[in-house]
Colleague: 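Here it is, the structure, as structure tokens.
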Number of protein chains: 2
Amino acid sequence: MRPSAQYTESVTTVDTAKPTLSEVARRAGVGRSSAARVLGNYGSVSAHTRERVLAAARELGYETNELARSMSTGVTMTLGVVVADIANPFFAGVLRGIADAAREAGYGTVLVNTDEDEAREDEAVRLLMGKQVDGIVIAPAGGAAADPNPLRTAQLRGVPIVQIDRTLAGLEADAVVMDNRHAARDATELLIAAGHRRIALVWGPARLGRQTVTPSSLERWATTTELTSVGERFLGYRAALDAADLELDPAIVMTGEQSIAGVRAFVRTVLATPRPPTAFIATELDAVIGVLEEVHAAGLRVPADMSIVGFDDSPWASVFDPPITTVRQPVQRLGEHAARRLIERISGAGGEPFVDHLASELIDRGSIAAPRG
Amino acid sequence: MRPSAQYTESVTTVDTAKPTLSEVARRAGVGRSSAARVLGNYGSVSAHTRERVLAAARELGYETNELARSMSTGVTMTLGVVVADIANPFFAGVLRGIADAAREAGYGTVLVNTDEDEAREDEAVRLLMGKQVDGIVIAPAGGAAADPNPLRTAQLRGVPIVQIDRTLAGLEADAVVMDNRHAARDATELLIAAGHRRIALVWGPARLGRQTVTPSSLERWATTTELTSVGERFLGYRAALDAADLELDPAIVMTGEQSIAGVRAFVRTVLATPRPPTAFIATELDAVIGVLEEVHAAGLRVPADMSIVGFDDSPWASVFDPPITTVRQPVQRLGEHAARRLIERISGAGGEPFVDHLASELIDRGSIAAPRG
DNA sequence: CTGTTAGCGCCTTCAA
DNA sequence: TTGAAGGCGCTAACAG
């Protein structure tokens with residue numbers, strides 16, 4: 001006969017609903033607050049009551065209602081995460097890092113996708129605020145859209161925010177980003193070192209539009225406090241060209257629609273040119289795929305006829321023939337840093353907002369060779 | 001002068017904290033319940049009060065506290081999701097589907113990773129229950145570990161559960177899975193049709209261990225109510241062989257450590273055999289990568305020397321040279337189905353638990369050819 | 001249509 | 001050490 005057998009009847013009765021602290025207290029024959037003290041372990045209780053309460057809790061299968069707890073403590077132990085698309089390996093890795101670091105610190109994670117849509121992003125932040133998350137990790141999509149911007153409001157309300165992957169111009173919040181500028185510069189320099197002089201960038205900043213790249217338009221890019229992966233990669237690319245005294249030819253910097261289709265169109269156009277590039281830097285997964293497709297379709301061989309460097313490493317890149325040289329980004333680490341930073345802020349860490357730059361790694365495989373003739 | 005200018009002072013005062021329904025009511029000069037009625041839009045209120053309340057809410061930047069709402073309604077409008085690893089493209093896609101379908105129905109999503117660890121899974125379920133989620137989507141890792149299994153307890157407590165990707169033997173809950181058996185059978189038949197007679201399966205069920213595959217051991221697999229992707233794929237493979245009167249050779253069914261390293265070891269061993277297989281079916285992303293690596297390392301050409309069919313399609317597979325024939329699984333759809341089903345159950349839908357099988361698509365590209373002479 | 005009165009389950013003074 | 005009482009912000013019956 002098991003110790004709890006005597007209670008069997010009431011157990012079966014109660015078992016079907018969620019037992020509350022009061023029920024545990026009653027069954028243990030103690031006051032609610034005593035039960036609360038041992039179940040929430042705080043305050044002090046006699047060894048005797050503690051055991052009685054614990055036993056009662058076990059028998060009832062008691063599980064504390066975090067909602068109620070949050071209600072009275074004002075803390076939910078929950079982090080909100082807002083990203084464009086969790087199906088994108090980049091964000092998936094980041095989320096993994098966030099979730100792990102959060103869990104380690106006892107925090108849960110609620111997720112919202114926005115597809116880079118500002119309205120949905122605002123909605124997402126509002127939702128998270130409604131759920132009373134303790135902090136928010138966000139890859140901000142656009143500028144502050146509405147005037148009473150939910151993100152800023154959240155800050156005002158005292159909810160810490162950590163930006164990832166990008167940075168908003170007017171938002172005074174911590175950020176964890178890749179060191180995209182360096183990564184792109186390294187990639188470009190690797191190609192230059194191999195002898196390339198005409199290196200196409202796929203894709204570059206969409207905003208460049210059709211306008212010629214002037215020193216002043218570039219200056220804007222260089223001096224804004226806003227960080228975008230595309231913008232930074234462009235600047236790194238440019239810096240490398242500058243350092244090598246190579247001219248930046250806007251014709252081989254993709255500025256159109258940022259999609260696989262856009263990439264394919266751009267690559268096809270550029271290859272049909274009198275002076276086609278001898279190498280491509282593909283700054284996104286989709287860019288890599290698009291370039292690979294079109295280069296292949298054009299009957300060019302990598303790296304003999306065309307050199308390629310990609311971003312967003314994948315196991316596939318290494319089994320490719322030839323293995324593709326890529327920039328590997330510590331996505332998971334980025335997520336961990338962001339979560340840890342956020343939790344520090346939640347815990348009251350002060351100080352100016354700062355940007356955490358994570359170095360990525362250039363994995364030199366076999367997709368670069370000297371340019372033809 | 002903007003309409004709210006007259007309130008500027010109090011706005012600034014209050015703006016820094018989260019305004020409550022009471023404050024809105026006070027400022028609007030109405031009772032709490034009236035404010036509650038318009039903000040929660042239920043009951044009926046005069047147009048006049050409604051406007052006053054709305055105005056006050058806007059001025060204060062009021063946002064309803066979902067926690068408190070949940071507290072009194074007993075509903076959180078939140079789905080819990082438990083998966084092995086969100087960084088895995090399969091689960092990432094599934095999660096995307098879940099999140100989308102959930103959002104559409106007004107539900108939020110909280111995520112927990114388990115790394116296929118049963119203890120962490122139990123912990124995860126408990127956590128979700130603590131957060132009072134309305135339902136749980138789970139890719140169950142193992143058998144019901146502890147006796148008071150959290151998952152079963154959750155069910156007892158009235159929280160609906162939908163299993164995805166796999167199925168637990170004793171769990172009476174809905175499930176949404178891929179039709180792995182058919183997919184594997186189709187893949188195998190495609191190879192057989194191309195003339196292959198020795199087709200290796202990478203990987204197969206780990207449990208097969210070193211034991212010989214006997215009719216009875218197979219029967220167990222076939223009759224259990226437990227569904228695993230590996231097991232089902234193995235059965236599909238076997239069914240295709242049976243139908244073609246081909247013998248199943250355990251030597252070319254991988255049963256070891258399910259990892260890239262395990263795959264490489266297996267492939268190397270099998271290739272060194274007197275009668276190596278002429279084709280590989282790789283049932284996981286990692287299996288595909290491992291096979292590709294080793295086949296390449298062995299100097300074999302695809303598909304001339306070796307045919308390959310993979311699972312878990314990827315953009316990379318199509319830009320590969322040759323493009324890899326793969327089984328594409330509607331991962332996102334799987335997530336959507338699971339979430340919808342779960343929400344139906346939450347909304348009170350009755351009926352026996354049932355299993356929803358999703359068909360996957362065999363994308364025939366270029367990695368299959370007739371076996372060498 | 002409106003305000004009053006109770007809770008939801010927990011934490012937290014405050015006396016005892 | 002322990003219990004009683006009040007409150008977190010909201011919804012929900014209940015009168016008026």
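Letters A, B, ... are given to chains in the order of the sequence lines, protein chains preceding strands, and every chain is numbered from 1.
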Colleague: Hey, can you pull the donor-acceptor pairs under 3.5 Å for the side chains in residues 341-350 of chain A, sequence neighbours left out?
Modeller:
{"residue": "A:Arg341", "atom": "NE", "partner": "A:Asp174", "partner atom": "OD2", "Å": "3.1"}
{"residue": "A:Arg341", "atom": "NH1", "partner": "A:Glu344", "partner atom": "OE1", "Å": "2.6"}
{"residue": "A:Arg345", "atom": "NE", "partner": "A:Asp174", "partner atom": "OD2", "Å": "2.6"}
{"residue": "A:Arg345", "atom": "NH1", "partner": "A:Ala349", "partner atom": "O", "Å": "3.3"}
{"residue": "A:Arg345", "atom": "NH1", "partner": "A:Gly350", "partner atom": "O", "Å": "2.9"}
{"residue": "A:Arg345", "atom": "NH1", "partner": "A:Gly351", "partner atom": "O", "Å": "3.0"}
{"residue": "A:Arg345", "atom": "NH2", "partner": "A:Asp174", "partner atom": "OD1", "Å": "2.9"}
{"residue": "A:Arg345", "atom": "NH2", "partner": "A:Asp174", "partner atom": "OD2", "Å": "3.3"}
{"residue": "A:Arg345", "atom": "NH2", "partner": "A:Gly351", "partner atom": "O", "Å": "3.3"}
{"residue": "A:Arg345", "atom": "NH2", "partner": "A:Glu352", "partner atom": "O", "Å": "3.2"}
{"residue": "A:Ser347", "atom": "OG", "partner": "A:Ile343", "partner atom": "O", "Å": "2.7"}

Colleague: For nucleotides 1-6 of chain D, just jot down a letter per nucleotide in 5' to 3' order: B, S or -, based on protein non-hydrogen atoms under 4.0 Å.
Modeller: SBBB--
Colleague: For B:Ala87, what residues pass the side chain to side chain contact (heavy atoms under 4.5 Å, CB included) criterion, not counting sequence neighbours?
Modeller: A:Arg96, B:Asp85
Colleague: Specify the residues of residues 71-78 of chain A, ordered by number, for which at least one heavy atom lies under 4.0 angstrom from an atom of DNA chain C.
Modeller: A:Met71, A:Ser72, A:Thr73
Colleague: Using five pairs at each end of the helix from C:dC1-D:dG16 to C:dA16-D:dT1 to define an axis, what is the angle between those two axes, to 10°?
Modeller: 40°
Colleague: Considering only distance and modelled atom types, tabulate donor-acceptor pairs under 3.5 Å from the side chains of residues 73-84 of chain B, sequence neighbours left out.
Modeller:
{"residue": "B:Thr73", "atom": "OG1", "partner": "B:Arg69", "partner atom": "O", "Å": "3.0"}
{"residue": "B:Thr73", "atom": "OG1", "partner": "B:Val75", "partner atom": "N", "Å": "3.2"}
{"residue": "B:Thr73", "atom": "OG1", "partner": "B:Val75", "partner atom": "O", "Å": "3.4"}
{"residue": "B:Thr76", "atom": "OG1", "partner": "B:Gln132", "partner atom": "O", "Å": "2.8"}
{"residue": "B:Thr76", "atom": "OG1", "partner": "B:Asp134", "partner atom": "OD1", "Å": "3.2"}
{"residue": "B:Thr78", "atom": "OG1", "partner": "A:Lys131", "partner atom": "NZ", "Å": "3.1"}
{"residue": "B:Thr78", "atom": "OG1", "partner": "B:Thr76", "partner atom": "O", "Å": "3.0"}

Colleague: For the side chain of A:Glu59 and the backbone of A:Ala56, is there at least one donor-acceptor N/O pair under 3.5 Å apart?
Modeller: no
Colleague: Sequence neighbours excluded, which residues qualify as side chain to side chain donor-acceptor pair (under 3.5 Å) partners of B:Ser33?
Modeller: none
Colleague: B:Arg126: what forms a side chain to side chain contact (heavy atoms under 4.5 Å, CB included) with it, not counting sequence neighbours?
Modeller: A:Glu63, B:Asp122, B:Glu123, B:Pro150
Colleague: Could you tell me whether the side chain of B:Asp117 and the main chain of B:Ala119 form a donor-acceptor pair under 3.5 Å?
Modeller: yes
Colleague: Provide, to the nearest angstrom, the distance between the CZ atom belonging to A:Arg157 and the P atom belonging to D:dG9.
Modeller: 13 Å
Colleague: Only counting residues at least two apart or in another chain, list the ones meeting side chain to side chain contact (heavy atoms under 4.5 Å, CB included) with A:Gln155.
Modeller: A:Ile161, A:Leu171, A:Ala173
Colleague: Any donor-acceptor pair under 3.5 Å linking the side chain of B:Ser34 with the backbone of B:Val30?
Modeller: no
Colleague: Output a table of donor-acceptor pairs, distance under 3.5 Å, between side-chain atoms of residues 101-109 of chain B and any protein atom two or more places apart or on a different chain; print 'none' if there are none.
Modeller:
none

Colleague: From the 5' end of DNA chain C to its 3' end, which nucleotides mark the outer limits of contact with chain B, defined by a 4.0 Å heavy-atom distance cut-off (strictly under)?
Modeller: C:dC1 to C:dG9
Colleague: Return yes if some donor-acceptor pair links the side-chain N/O of B:Asn113 with the main-chain N/O of B:Asp115 below 3.5 Å, else return no.
Modeller: no
Colleague: Taking only residues two or more places apart in sequence, or in another chain, which ones meet A:Arg58 in a salt bridge (charged side-chain N to carboxylate O under 4.0 Å, His left out)?
Modeller: none
Colleague: Could you state the CG-P distance from B:Leu21 to D:dC8, rounded to the nearest angstrom?
Modeller: 13 Å
Colleague: Under 3.5 Å, side chain of B:Arg52 to main-chain N/O of B:Ala28, donor-acceptor pair present?
Modeller: yes
